[in-house]
Amino acid sequence: MKKELRVIGKPVPKHDAGIRVTGKAVYGHDIVLPGMLHGAILRTEHPAAEFTIDVSQARKLPGVVCVITADDVDVNNIGYKRDHPILKKGEANCTRDEIAAVAADTKAIAQEALKLIKVKYKVRKGVYDPFEALNEKSPQINKFISGKFPNKNIAEVFHYEHGHLEEEKKKSAVTVTRRFSLPRMTHTCMGTSNITASFNKTDGKLLLYSSTQVPFLYQRDMAHALKMNPSDIRVIQPVIGGGFGSKLDMHPFEPICALLSIKTGRPVQILYSREEEFIASPTRQPMIIDLTAGADEKGNFTFREINIIKDNGAYTSWGATTPFVIMQAFSSLYKVRACKFDATAVYTNNVFAGSFRGYGNPQATFALERIIDLLADELKMDKAAIRLLNANEKGEITGQGLHFETCGHKECLETVIEKAKGKRQKHVASGAEPAKVENPRFKNGIGYASMLHVGGGAKIYRSDGCGTTSKIDPYGYCTIITGSNEIGQGSETVLAMIASEELGIELKKIKVINTDTDVKPWDVGVHASRTSFVAGNSLLGAIRILKDKLNKKASELLQTNDPEFEYSDNKIISEKTKTTIALDKVVREMHFSEPNELAIASFFYEPSSKFQDKDFKGNVSGTYAFASQAIEVEVDTYTGNVKVLDIYVAQDVGKVLNPLLLAGQIEGGILQGVGYALTEELLMHEGKILNPNFHNYKILTASDIPNIHFYPIETNDKQGPYGAKGVGEAPLIPTAAAISNAVCDALGVEFLELPMTPERVLKAIHENK
Amino acid sequence: MDFKITSPKNKAGLLKAMQEGKNFRFGAGYTDLLMELKKQEETSFTIINLAQLNDKTFTEINTISGGLRIGSLATAAEIVNDKFITQHFPALQEAAHSLASSQIREVATIGGNLCTASPSGDMACALMALEAQCEILSANGKTRTVPISGFFTGPRKTVLQKKEVLRSVLVPLLEKNRKLHSGFIKVGTRRSMECSVVSLAYHIHLDRNDSIVHAGVAIGASAPTIRFAKTACDLISGNNLKTISQKDKEEFAAKVVSYASPITDIRATAWYRKEVLFNISKSIFE
Ligand SMILES: Cc1cc2nc3c(=O)[nH]c(=O)nc-3n(C[C@H](O)[C@H](O)[C@H](O)COP(=O)(O)OP(=O)(O)OC[C@H]3O[C@@H](n4cnc5c(N)ncnc54)[C@H](O)[C@@H]3O)c2cc1C
């Protein structure tokens, strides 16, 4: 019989909520070490230029301890393709390019020193359009790549296919081709990028206080960059002021800070200003997606043919690998018989993108869900019906080999369609009555979109695992030492809840240790919505072993051979003999009486997922998450402003572990999605960012928040802890697509790009007249 | 950013600081000034801090004969919550309410909004439609009054002389309990923390039969300064608000737009600003 859960599923507030709201949390910006210097970075003035540099005056400034350029350091390139020099030598290719760095006694002196560095530029004409970069006549932008591809400006290519494309084309009753264009969006973390490095000259060890999302990969990357041994680098994570994927890559400022500390033998701190954060932190990939899709006369999807050009910027980051995820959406979201997918990342002199919540999926889903509406229009079919007809199903193994052991897609769709009922689509092709028009100035519309995303990690590294050590002390407190880390998503809280559930220890007696690579076991990092799933399973494994030990001792002490103990209320209870013993007493007996054993256990969890083969086929995740959204908008045809009225969201979360934290992920994600749809775009001209501030880079405010109606769908996946799946990225993925479909529905126009700013909407209305 | 600051507590202290100061700037809520100072590395001037000034003509909102006196240090929040303003000058109340965010509104002053002379100043735009008067105090203790239509001399420029401070704004009340059609329309990308891309303030007096007795219409963010759309106002005077023809509405909107000479910048193109200004001008009759 299934036990009733006591803690899991309850709205437990975030573990760290108190310190966060009272300002007691120690962020990287709050760290002060004895003798600490302040670092600052000089970036190029021109995104494409040759330069010579003279730092002699800066070195002379009193208070300046160290100035470095590429000539002063012996390092390796960084980046996913190792095509990115930490300090650029003689040639700048991007507005972010770091060309010198200073360490000084104060921030003001460091800034002053930057001004004393003399740089002579020979400005070149940059290449800012990826299509131009593909032209044979264009110069080679990145000189550090191996030349694996025929075109010198190609950084990476992806090719995938399944099914019989040509046959399916013939079987299609309708075919639609469109080009979609997606903007640069940036993470706008509340805490700007920061690092404090402290090199100890006596033992040669480097201590880093860093906001990375992936401490163990970071340790290895840093070691490679600095030509050190990874284990001589200790990474400690202070409280992190927002990640959203931005801290998956190691960025040049981080090894630069380490180098300044190594050179000076003193701790050095680099903090970004907000402007620097906009200019020098990564973005979501801008891309052009050419998509052709077909359906048979009944509306079944026949094929999709995709060609994507991604603006890679001047260097390659993890962002270049987003096609891994993009192709999953195209190959496997809704049943589709054939798919051919090509993506090319092209070097330009623009800023480079990184990873960002959704990892390419918002872009893919925008194109895919827009084209589904267009196919429905061609077929004169209802837009909800065509989606229901093609929705994924439990047990399905997709063309790419993704195995949906549980699948809430249909239920998600049915839920949001039902909840949004009455909000009738305006442009109904199937001949049904459209909703009544009340005020001709304001036009309402409704749009649908779904998404598919990994929900049980993603095996893109050699291991997608997570280690945990768990112990109970003689006072009955439990400590969880987990490989995973907290970047604000709430995984600490969920882990504490799991331990509380399993061990019957109250939450305030549970501690989570997760910030120190010298202490915690290995984990691949926070990404792919994986932490609660992977770290949760890992913790459950450790607790299982721990309980075996405790059970053994409890049996001895209670003189029962009952293996079925109940852990509750800080006690171990034998149901059979109705006897009870305090948990801390059992632990003390273990420790202090022979054979003297600790109440401690370790476990390494590796998801059942498989590494994909060279054709990108295979079951890459432990489980998959689905979500659907139905969104109603009101468009002001006088100003072009889009007001998002109601968002109905149903998401297959497997199992609700904590409704409060889940709602936080859903609402936060959706709002990022609304920003992607309507307002957020880093504007660029010839490689320079025009709006590096919150005044003109517009994230939405509290007053813009729509009504969000959330319906969790529980499919209880046996792979997940208590049946749970990853939830973090999903809520943002279909939002822009659904809003765009709603705007098109309201106005009868075709939107193929984001964001739909008031000006673009007004223009579309005019062109449609 | 480093600067000297002096905080006079009363009028005498203020005048003294103004007389003695060679190179100074006033600071009220600092929501504009701090931004400006952050951009400069060194400042050679002193800040005369008005925030601690205890002088009713600067700080209070009071009725006077013929209208309302609003001290230049009245904050946007105080204006939003003022019952008299809400009742008699809805355009100003709405403009103050549309400014920035509630946190900024607690400190941003009406005087600062005028003296910063931004073409997109929201309260300034409403005051233009209300045909307010600006009461200016000079270091020698004398005051002079200029109509708001003459207050702005260019983007970020006003008629204020070196040793002058804006003391109050006087808003005329034509007739108490007059029927009004008054409001403020702000166009931007988001609903708060937004600098107007285009704005329109209108304050229209009606008789019992909804005939337009007097109209004040001003536009913001559409020209180097906030502008009063005189010919548009003249056009609708005498018309009936309820029955005004489509043709007149559009002619009115076209006249309003004729005062605009907007720029294209990263927030919007000139095309968009004109187009929207036309649409929202028309909308005040809908
Ligand atoms: C985030 C943000 C959002 C904003 N949003 C808006 C908005 O939506 N709409 C809008 O209109 N404005 C907006 N502003 C601008 C600003 O808040 C307003 O203009 C505000 O009214 C300025 O008032 P203040 O008291 O802060 O002025 P201060 O910053 O103290 O002063 C502004 C200028 O006026 C001068 N000055 C101030 N008082 C006097 C006086 N009595 N006599 C002579 N000179 C004086 C100062 O020397 C300075 O040059 C925003 C500002 C910020 C920071």
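Only heavy atoms go into these numbers, but all of them, side chains included; no hydrogens, no water, no symmetry mates. Labels below follow one simple rule: chain letters A, B, ... track the order of the sequence lines, proteins then strands, and each chain is numbered from 1.
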Checking [X] against chain B: side chain, backbone, both or neither under 4.5 Å from a heavy atom?
X        : value
A:Asp704 : both
A:His685 : neither
A:Leu683 : side chain
A:Thr757 : neither

Determine whether the side chains of A:Ser193 and A:Ser281 contain a donor N or O and an acceptor N or O closer than 3.5 Å. no
Side-chain donor-acceptor pair present, A:Asn641, A:Asp636, cut-off under 3.5 Å: no
Heavy-atom count around B:His97 NE2 within 6.0 Å, excluding the residue itself: above 12? no
Take atom NZ in B:Lys157; do more than 12 heavy atoms of anything else shown fall under 6.0 Å from it? no
Test side chain to side chain contact (heavy atoms under 4.5 Å, CB included), reference A:Ser703, set B:Ser102, B:Ser192, B:Ser101, output is B:Ser192
Counting only non-hydrogen atoms closer than 4.5 Å, can you tell me which residues of residues 278-286 of chain B sit against chain A? B:Asn279, B:Ile280, B:Lys282, B:Ser283, B:Glu286
Would you please go through residues 266-275 of chain B and name the residues with a non-hydrogen atom below 4.5 Å from one of chain A, in numerical order? B:Ile266, B:Arg267, B:Ala268, B:Thr269, B:Trp271, B:Tyr272, B:Glu275
Which is it for A:Lys698 and B:Glu194 under the salt bridge (Lys or Arg N to Asp or Glu O under 4.0 Å) test, yes or no, and what are the steps along the way? CA-CA 9 Å; A:Lys698 296 195 185 291; B:Glu194 186 66 292; 2.6 Å; yes
Pair [X] + [Y], salt bridge at N-O below 4.0 Å:
X        : Y        : answer
B:Asp122 : B:Lys186 : yes
A:Arg760 : A:Glu753 : yes
A:Arg43  : A:Glu276 : yes

Under the 3.5 angstrom rule, does the side chain of A:Glu632 hit a backbone N or O of A:Asp646 as a donor-acceptor pair? no
Under 30°, 30 to 60°, or over 60°: which ring-plane class applies to B:His181 and B:Tyr202, parallel, tilted or perpendicular? tilted
